[in-house]
Amino acid sequence: MSRPVRVRFAPSPTGDLHVGNIRTALYDWAYARHTGGKFVFRIEDTDRERVTDEYINAAIDTLKWLGLQWDEGPEVGGPSAPYLQSQRLDIYADWAAKFLAAGDAYHCYCNPEELEASREAQKKANIAPGYDGKCRAISADDLTRYQSEGRKPVVRMRMPDGSTTFYDAIRGDVTFDHNFVPDFVLVRGDGSPLYTLAVAVDDVMMQITHVLRGEDLLSSTPRQIRVYQAMAVKPEDYPIFAHLPFVMGQDNAKLSKRNGEVSIAWYRERGFLPEAICNYLALLGWSPGDDKENISMQEMTELFTIERVGKNPARFDMKKLEAINGDKIRALPVEEVIKRALPFMESAGIALTGEQAEALFARAIPLIHERIVTLAEIPDYVRFLFTEKFAIDPEAKEKALTADSLPILAAAEVAISAITEWKLEAIETALRSALIEGLALKPKNAFTPVRVAVTGARVSPPLFESIELLGKERTLERLKAAQTG
RNA sequence: GGCCCCGUCGUCUAGCGGCCCAGGACUCUGGCUUCUCAAGCCAGCUACGAGGGUUCGAAUCCCUUCGGGGCUACCA
């Protein structure tokens with residue numbers, strides 16, 4: 001019990017890391033940091049049909065982006081290297097051989113068709129489906145026959161009678177009767193290991209003390225424990241399991257591409273902050289106990305305990321994520337917003353070339369800092385300041401630039417051109433006196449046409465500030481252009 | 001079907017026998033503020049799945065039931 005804490009995040013990258021994966025990684029990381037233990041990152045790529053290098057690299061990149069720094073794993077190495085299961089194949093093969101030699105496992109020559117037929121029969125007979133143990137004691141005749149047929153055997157673990165009870169840190173004691181845990185395959189016919197073998201071996205060899213993973217693996221735990229037993233691991237050295245509840249989509253189904261986006265890369269592209277994603281995900285299934293919700297990465301490591309993880313599945317709520325993202329952006333220093341906004345300006349095709357453009361951008365950001373929910377909204381707000389070919393949004397034009405607005409724009413043009421000292425106060429005073437007092441208009445009616453003419457949209461940063469940044473010359477050009485249609 | 005897990009506002013949750021005719025956050029509704037949009041402020045709506053117990057007392061303990069989910073692979 002006094003073993004140093006070692007937590008691992010061990011995804012099988014068969015696609016982009018998704019929200020559920022990341023929440024697990026976050027909890028792993030937070031728990032390791034909370035306890036002063038190690039955070040181990042291992043790639044479970046034994047299923048070479050589905051795992052690709054591209055996905056592995058994406059997983060590494062995503063974890064880095066989120067700031068979940070690992071102590072051991074890809075790129076950083078560590079005492080249990082390598083951390084890619086595809087590079088540890090000989091280790092699994094050795095253990096499988098030992099299990100075979102000790103009689104814990106046996107060769108099974110049944111082919112997929114036979115297994116399928118057997119399962120069908122069991123279902124029909126209303127018996128728990130599972131391997132029937134046919135090859136547990138194979139006859140010499142059958143053996144030679146199978147071998148002459150060229151069948152490649154799998155290595156199958158012998159599941160003894162009885163039951164397995166283990167303590168789950170989130171759910172308490174869980175018991176599985178072995179009648180419902182059939183003999184399972186450890187090694188495929190082609191010699192490659194399966195998840196159940198590889199995880200168990202690696203968790204033991206990497207001295208993992210806590211296994212936090214998805215609830216979908218709850219029922220595979222007895223099989224893993226069986227492998228520990230075959231490896232002669234002492235029960236007190238088994239890792240502590242904690243099966244996290246699912247993250248569900250909007251319609252109560254497991255989160256998938258169909259209902260709400262799940263890939264973290266998707267959120268990144270849309271201007272969500274890594275700290276916002278982590279904060280939101282932390283709250284999805286865990287709470288610090290008081291009413292605190294705005295939590296920094298640092299606080300997470302201080303407050304996170306497995307005991308406070310909930311046991312019921314959580315629905316992913318984009319609105320709440322957005323609210324948190326907005327809060328986090330508002331809490332950022334302006335310089336930081338500017339820095340983080342740059343890639344979004346670039347991908348929006350707005351070039352900020354030269355010191356002048358950069359300075360202008362730096363002055364524009366404070367105007368929209370508190371109005372944005374994601375970084376991706378920034379380009380649309382400030383585009384009017386940087387575009388050579390200025391164009392008014394057609395819909396805004398139709399709604400706000402009518403015949404009625406012509407006198408307003410004309411008056412605004414006169415007022416603006418009369419300004420001698422280009423200052424915010426002067427702009428505001430000039431426009432208010434010309435339009436509100438001069439034309440006796442309501443502020444909203446007066447400023448909307450001007451806003452559309454100058455910024456090209458009905459929603460913009462504050463008008464007077466926008467005009468100030470745009471400059472007298474360009475403002476007048478646009479006011480003129482809007483009158484001529 | 002079998003085995004296993006889960007069940008508090010629309011959503012995420014607090015609550016671990018009396019502090020709860022249930023608190024916070026997001027959403028939603030109304031209002032204030034206001035040059036648009038936000039932000040901010042105020043107010044409001046809405047929940048212990050159901051039925052039995054145990055107890056002086058239950059959201060909290062037990063049972064049943066209903067509902068949701070997972071697993072049932074030579075996937076993880």
Side-chain angles (χ1 to χ4, degrees), chain A residues 10-12 14 44 46-47 49-51 108 110-112 115-116 119 122-124 126-131 152-156 168 170-171 174-177 179-182 184-190 192-196 198-199 213-222 243 245-246 248 250 252-254 280 283-294 310-324 326-327 330 368-373 377 381 396 400 428 431-432 435-436 442-448 450-452 455 457-464 466:
Chain A
S12 181
T14 55
E44 312 228 321
T46 53
D47 184 354
E49 301 265 305
R50 300 198 296 154
V51 177
C108 171
C110 298
N111 64 31
L115 294 171
E116 181 60 32
R119 272 196 292 272
Q122 288 166 330
K123 265 195 164 167
K124 275 208 174 115
N126 222 342
I127 312 172
Y131 187 62
K152 294 263 190 281
V154 302
V155 177
R156 203 177 272 280
D168 184 284
I170 292 172
R171 291 154 214 287
V174 181
T175 300
F176 286 88
D177 192 309
N179 288 326
F180 309 108
V181 186
F184 55 96
V185 177
L186 295 170
V187 181
R188 292 185 180 90
D190 67 3
S192 62
L194 266 85
Y195 169 81
T196 321
V199 250
R213 47 157 37 164
E215 188 190 333
D216 50 334
L217 292 163
L218 186 62
S219 52
S220 84
T221 306
H243 289 93
F246 284 120
M248 316 288 274
Q250 306 295 336
N252 211 22
K254 206 174 160 184
Y280 175 62
L283 261 20
L284 213 55
W286 172 83
S287 86
D290 51 20
D291 292 332
K292 188 174 175 57
E293 289 212 328
N294 190 328
K311 46 174 76 165
N312 40 329
R315 222 76 47 99
F316 186 86
D317 182 12
M318 182 73 84
K319 283 278 200 297
K320 177 104 180 184
L321 206 212
E322 287 173 346
I324 290 177
D327 285 342
R330 265 168 253 129
I368 59 171
H369 191 172
E370 74 173 21
R371 338 182 100 77
I372 53 172
V373 165
E377 293 167 29
Y381 265 116
E428 175 160 6
L431 285 176
R432 282 193 189 278
L435 306 181
I436 311 299
K442 283 184 182 169
K444 184 174 183 170
N445 296 335
F447 297 133
T448 298
V450 178
R451 180 189 312 284
V452 171
T455 71
R458 280 190 298 165
V459 174
S460 78
L463 183 59
F464 311 122
S466 296

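The chains referred to below are lettered A, B, ... by the order of the sequence lines, with proteins before strands, and numbering in each begins at 1.
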Hey, does the side chain of [X] come within less than 4.0 Å of [N]'s phosphate (OP1/OP2), counting only N and O?
X: Ser219(A); N: U72(B); answer: no
X: Arg315(A); N: G10(B); answer: no
X: Arg188(A); N: C75(B); answer: yes
X: Arg458(A); N: C37(B); answer: no
X: Ser287(A); N: A14(B); answer: yes

With heavy atoms under 4.0 Å as the rule, sort [X] into base, sugar-phosphate or nothing.
X: Val185(A); answer: sugar-phosphate
X: Thr175(A); answer: sugar-phosphate
X: Leu186(A); answer: nothing
X: Gly130(A); answer: nothing
X: Pro462(A); answer: base
X: Phe464(A); answer: base
X: Arg50(A); answer: base
X: Pro313(A); answer: sugar-phosphate
X: Gly289(A); answer: sugar-phosphate
X: Tyr280(A); answer: nothing

For the [atom1] atoms, the ones on [N] and on [M], what distance do you get once it is rounded to whole angstrom?
N: G30(B); M: G52(B); atom1: P; value: 40 Å
N: C45(B); M: C3(B); atom1: C1'; value: 42 Å
N: C28(B); M: C37(B); atom1: P; value: 15 Å
N: C41(B); M: C5(B); atom1: C1'; value: 44 Å
N: A76(B); M: C62(B); atom1: C1'; value: 37 Å
N: G18(B); M: U55(B); atom1: C1'; value: 12 Å
N: C42(B); M: A25(B); atom1: P; value: 10 Å
N: U65(B); M: G70(B); atom1: P; value: 22 Å

Legend entry - Heavy-atom donor-acceptor pair, Thr14(A) side chain to Val51(A) backbone, under 3.5 Å: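 Side chain of Thr14(A) to backbone of Val51(A), a donor-acceptor pair under 3.5 Å: no, none is there.
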[X] and [Y]: side chain donor to acceptor below 3.5 Å:
X: Arg171(A); Y: His243(A); answer: no
X: Thr221(A); Y: Arg213(A); answer: yes
X: Arg188(A); Y: Ser192(A); answer: yes

Can you name the nearest heavy-atom pair linking [X] to [Y], along with the distance?
X: Val450(A); Y: Leu463(A); result: CG1-CD2, 4.0 Å
X: Thr46(A); Y: Pro193(A); result: CB-O, 3.7 Å
X: Arg451(A); Y: Pro461(A); result: NH1-O, 3.4 Å

Using both distances under 3.5 Å as the test, list the Watson-Crick or G-U wobble partner of [N], or none.
N: A58(B); answer: none
N: G44(B); answer: C28(B)
N: A50(B); answer: U64(B)
N: A22(B); answer: none
N: C9(B); answer: none
N: G2(B); answer: C71(B)
N: A38(B); answer: none

Atom-pair distance ([atom1] on [X]; [atom2] on [N]), nearest Å:
X: Phe246(A); N: C5(B); atom1: CZ; atom2: P; result: 14 Å
X: Phe184(A); N: C3(B); atom1: CZ; atom2: C1'; result: 17 Å
X: Arg213(A); N: G70(B); atom1: CZ; atom2: C1'; result: 13 Å
X: Ile324(A); N: U13(B); atom1: CD1; atom2: P; result: 12 Å
X: Lys444(A); N: U36(B); atom1: NZ; atom2: P; result: 6 Å
X: Asp290(A); N: C12(B); atom1: CG; atom2: P; result: 20 Å
X: Arg330(A); N: A38(B); atom1: CZ; atom2: C1'; result: 8 Å
X: Asn294(A); N: U13(B); atom1: CG; atom2: P; result: 18 Å

Go through [options] for me and flag the one nearest to the [X] side chain.
X: Glu44(A); options: G40(B), A76(B), C74(B); answer: A76(B)
X: Asn312(A); options: A76(B), U8(B), C12(B); answer: U8(B)
X: Thr46(A); options: A76(B), U27(B), A39(B); answer: A76(B)
X: Leu194(A); options: C4(B), U27(B), A76(B); answer: A76(B)
X: Leu463(A); options: C6(B), A39(B), C35(B); answer: C35(B)
X: Leu218(A); options: C4(B), C12(B), C74(B); answer: C4(B)
X: Lys319(A); options: C26(B), C74(B), G69(B); answer: C26(B)
X: Lys320(A); options: C35(B), A25(B), C74(B); answer: A25(B)
X: Tyr195(A); options: A76(B), A38(B), C5(B); answer: A76(B)
X: Arg156(A); options: C74(B), U36(B), A73(B); answer: C74(B)

Legend entry - Contact nearer the 5' end of RNA chain B, comparing Ala10(A) with Leu283(A):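 By nearest-heavy-atom nucleotide position, the 5'-most residue is Leu283(A).
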Inset, instruction - Please tell me which of Gly189(A) and Arg171(A) maps to the more 5' nucleotide of RNA chain B, matching each residue to the nucleotide holding its nearest heavy atom. - result: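 First, find each residue's nearest nucleotide; the 5'-ward one identifies Arg171(A).
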Legend entry - Check: Glu293(A) side chain, G24(B) base, donor-acceptor under 3.5 Å: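 Counting by modelled atom types and ignoring angles, a donor-acceptor contact under 3.5 Å is found here.
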Legend entry - Ion pair check, Lys319(A) and Glu322(A), cut-off under 4.0 Å: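 No, no charged N to carboxylate O under 4.0 Å.
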Inset, instruction - Any chance you could lay out the side chain to side chain contact (heavy atoms under 4.5 Å, CB included) test for Tyr381(A) and Arg371(A), step after step, and finish with the verdict? - result: CA-CA 10 Å; Tyr381(A) 265 116; Arg371(A) 338 182 100 77; 3.9 Å; yes
Inset, instruction - Report yes if the distance between the aromatic ring centroids of Phe184(A) and Tyr195(A) is under 6.0 Å, otherwise no. - result: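 Phe184(A) vs Tyr195(A): aromatic centres not under 6.0 Å.
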